[in-house]
Novice: 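If you scroll down you'll find the structure; I have some questions about it.
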Amino acid sequence: MGIAEALQRLNERIHEVCLRVGRDPGEVRLMGASKFHERDALEEAWKGGLRLFGENRVQEAERKFSGFKRDHPQVELHMIGSLQRNKARAAAALFDCIQSVDRDELITELGTLTLERERPLMVLLELHTGEASKAGYPDVEHLFRATERVLSFPNLKIQGLMTMAPFTEDKEIIRGSFRALVSARNQLQSRFPGRDWSCLSMGMSNDFEIALEEGATLLRIGTALFGERRP
Ligand SMILES: *Cc1c(COP(=O)(O)O)cnc(C)c1O
């Protein structure tokens with residue numbers, strides 16, 4: 001199956017699950033998690049209609065997307081991997097959104113780097129909900145403080161939260177992880193009303209249907225779209 005066909009099937013599946021659980025499919029975005037896939041794969045996905053891509057490493061994203069962005073200025077590119085402080089400048093220049101904001105010092109770095117520019121940088125705060133790598137803020141109290149810090153910078157625009165569920169066959173553990181993200185979002189919404197908390201980035205190839213059932217608005221799909229990653 002080619003990438004365009006895989007994309008079409010995923011969109012159909014998203015549509016079906018949304019209708020089954022009474023959600024509007026129009027509120028769900030599909031991101032192509034394109035790590036380790038090269039320009040030919042990106043082009044194929046683009047031709048199939050994909051406009052949102054996510055990358056894990058700044059250098060790899062620069063190499064692959066600087067030319068791609070010139071040719072397709074409408075592309076939207078998000079950072080979804082762990083971001084080191086010394087790569088923050090390059091990341092702020094390349095990405096439209098940093099989904100993996102997981103430390104206050106990173107917020108300060110990104111906020112300072114974007115002080116003088118006109119275009120805001122979108123950010124999601126990452127919550128750790130059980131995945132093994134331990135990436136993400138540990139709890140809602142930390143998210144409250146992180147949000148205050150984000151709001152203190154004029155060109156950082158909060159849009160919601162991101163998480164990764166643990167790699168397990170146990171659906172209830174995965175569901176629990178997504179529910180923890182929704183619960184955190186609801187608490188942030190009451191603490192910081194009037195801000196945009198609409199983006200819930202959760203769900204990957206193996207668990208996106210559960211994520212949709214629990215309220216995901218952005219799915220990060222790699223393998224089910226591009227095929228197995230070359231190591
Ligand atoms: C690779 C990756 C994905 C996509 O994973 P698949 O299981 O291949 O769909 C999603 N989110 C993050 C943060 C990733 O690193």
Side-chain angles (χ1 to χ4, degrees), residues 3 6-35 45 48-56 76-82 97-102 122-140 143 158-189 196-229:
I3 293 171
L7 180 60
Q8 194 188 331
R9 287 198 189 180
L10 280 162
N11 279 326
E12 283 165 12
R13 196 67 203 121
I14 292 167
H15 205 90
E16 284 164 14
V17 175
C18 281
L19 294 189
R20 171 163 63 75
V21 300
R23 294 190 58 197
D24 173 7
E27 69 182 30
V28 178
R29 303 181 74 198
L30 170 59
M31 157 188 289
S34 49
K35 58 175 174 272
L50 189 71
R51 295 294 177 267
L52 173 61
F53 293 80
E55 283 284 335
N56 292 66
E76 188 175 335
L77 184 62
H78 291 194
M79 174 69 178
I80 59 174
S82 160
C97 174
I98 312 290
Q99 293 203 359
S100 42
V101 173
D102 60 356
M122 318 292 178
V123 296
L124 302 183
L125 299 176
E126 181 173 358
L127 179 65
H128 179 250
T129 57
E131 192 264 334
S133 78
K134 299 270 195 294
Y137 283 102
D139 54 43
V140 179
L143 293 180
I158 189 90
Q159 294 213 301
L161 302 177
M162 179 272 217
T163 200
M164 258 172 109
F167 294 100
T168 169
E169 297 287 300
D170 188 331
K171 291 204 160 80
E172 290 317 303
I173 291 180
I174 295 172
R175 194 179 296 284
S177 164
F178 296 149
R179 285 191 176 166
L181 197 70
V182 172
S183 158
R185 194 275 308 273
N186 294 344
Q187 293 175 68
L188 284 155
Q189 210 155 35
D196 182 5
W197 296 104
S198 60
C199 187
L200 281 176
S201 172
M202 57 189 202
M204 304 172 26
S205 295
N206 290 330
D207 55 20
F208 75 88
E209 302 201 4
I210 304 173
L212 280 174
E213 289 166 5
E214 297 303 327
T217 63
L218 194 156
L219 308 174
R220 307 181 309 268
I221 309 286
T223 315
L225 179 60
F226 296 109
E228 290 295 330
R229 288 186 277 279

Novice: How about Q187 and L143: do any of their side-chain heavy atoms sit closer than 4.5 Å?
Specialist: no
Novice: Minimum heavy-atom separation for V101 and Y137, please, with both atom names.
Specialist: O-CE1, 3.6 Å
Novice: Can you find a pair of side-chain heavy atoms, one from I158 and one from V123, that are under 4.5 Å apart?
Specialist: yes
Novice: Under 3.5 Å, is there a donor-acceptor pair between the side chain of N186 and the main chain of S183?
Specialist: no
Novice: Decide yes or no for T217 and C199: does some side-chain heavy atom of the first lie under 4.5 Å from some side-chain heavy atom of the second?
Specialist: yes
Novice: Measure the CG-CD1 distance between L50 and I3 for me, rounded to the nearest 0.5 Å.
Specialist: 9.5 Å
Novice: Sequence neighbours excluded, which residues qualify as ring-ring contact (aromatic ring centres under 6.0 Å, His included) partners of F53?
Specialist: F65, F68
Novice: For a quick test of reading the model, state the closest non-hydrogen atom pair linking L161 to W197 and the distance between them.
Specialist: CD2-CZ3, 4.3 Å
Novice: Could you pull out the closest heavy-atom pair between L7 and G48, with the gap in Å?
Specialist: CD2-O, 3.4 Å
Novice: Test side chain to side chain contact (heavy atoms under 4.5 Å, CB included) on S34 and E55 and set out the steps.
Specialist: CA-CA 6 Å; S34 49; E55 283 284 335; 2.7 Å; yes
Novice: If you measure from CG on L225 to OG on S205, what distance do you get to the nearest 0.5 Å?
Specialist: 8.0 Å
Novice: Show the nearest heavy-atom pair for residues F208 and L219, with the distance to one decimal.
Specialist: CD1-CD1, 3.9 Å
Novice: Can you measure from CE (M122) to CG (D196) and round to the nearest 0.5 angstrom?
Specialist: 9.0 Å
Novice: Can L124 and H78 be said to form a side chain to side chain contact (heavy atoms under 4.5 Å, CB included), step by step?
Specialist: CA-CA 10 Å; L124 302 183; H78 291 194; 5.6 Å; no
Novice: Heavy-atom distance under 4.5 Å between the side chains of L181 and L127, does that happen here?
Specialist: yes
Novice: Do any pairs count as a side-chain hydrogen bond (donor to acceptor under 3.5 Å, both in side chains) and have a residue in residues 163-174, sequence neighbours left out, and if so which ones?
Specialist: T129-T163
Novice: Taking all heavy atoms of A165 and all of I174, pick out the closest pair and write down the distance.
Specialist: CB-CG2, 3.9 Å
Novice: Between E12 and R9, is the salt bridge (Lys or Arg N to Asp or Glu O under 4.0 Å) condition met? List the steps.
Specialist: CA-CA 5 Å; E12 283 165 12; R9 287 198 189 180; over 6 Å; no
Novice: Restricting to pairs with a member in residues 17-29, which pass side-chain hydrogen bond (donor to acceptor under 3.5 Å, both in side chains), not counting sequence neighbours?
Specialist: R20-E213, R23-E27, R29-E76
Novice: Is a side-chain N or O of H15 found less than 3.5 angstrom from the main chain of C18, in a donor-acceptor match?
Specialist: no
Novice: If you measure from CG on L30 to CG on L10, what distance do you get to the nearest 0.5 Å?
Specialist: 6.0 Å
Novice: Do you know the tightest heavy-atom contact between M202 and A216?
Specialist: O-CB, 3.4 Å
Novice: How many angstroms lie between CE in M162 and CD in Q99, if you round to the nearest 0.5 Å?
Specialist: 5.0 Å
Novice: Can you find a heavy atom in the side chain of S201 that is under 4.5 Å from one in the side chain of R220?
Specialist: yes
Novice: Between T223 and N206, is any pair of side-chain heavy atoms under 4.5 Å apart?
Specialist: no
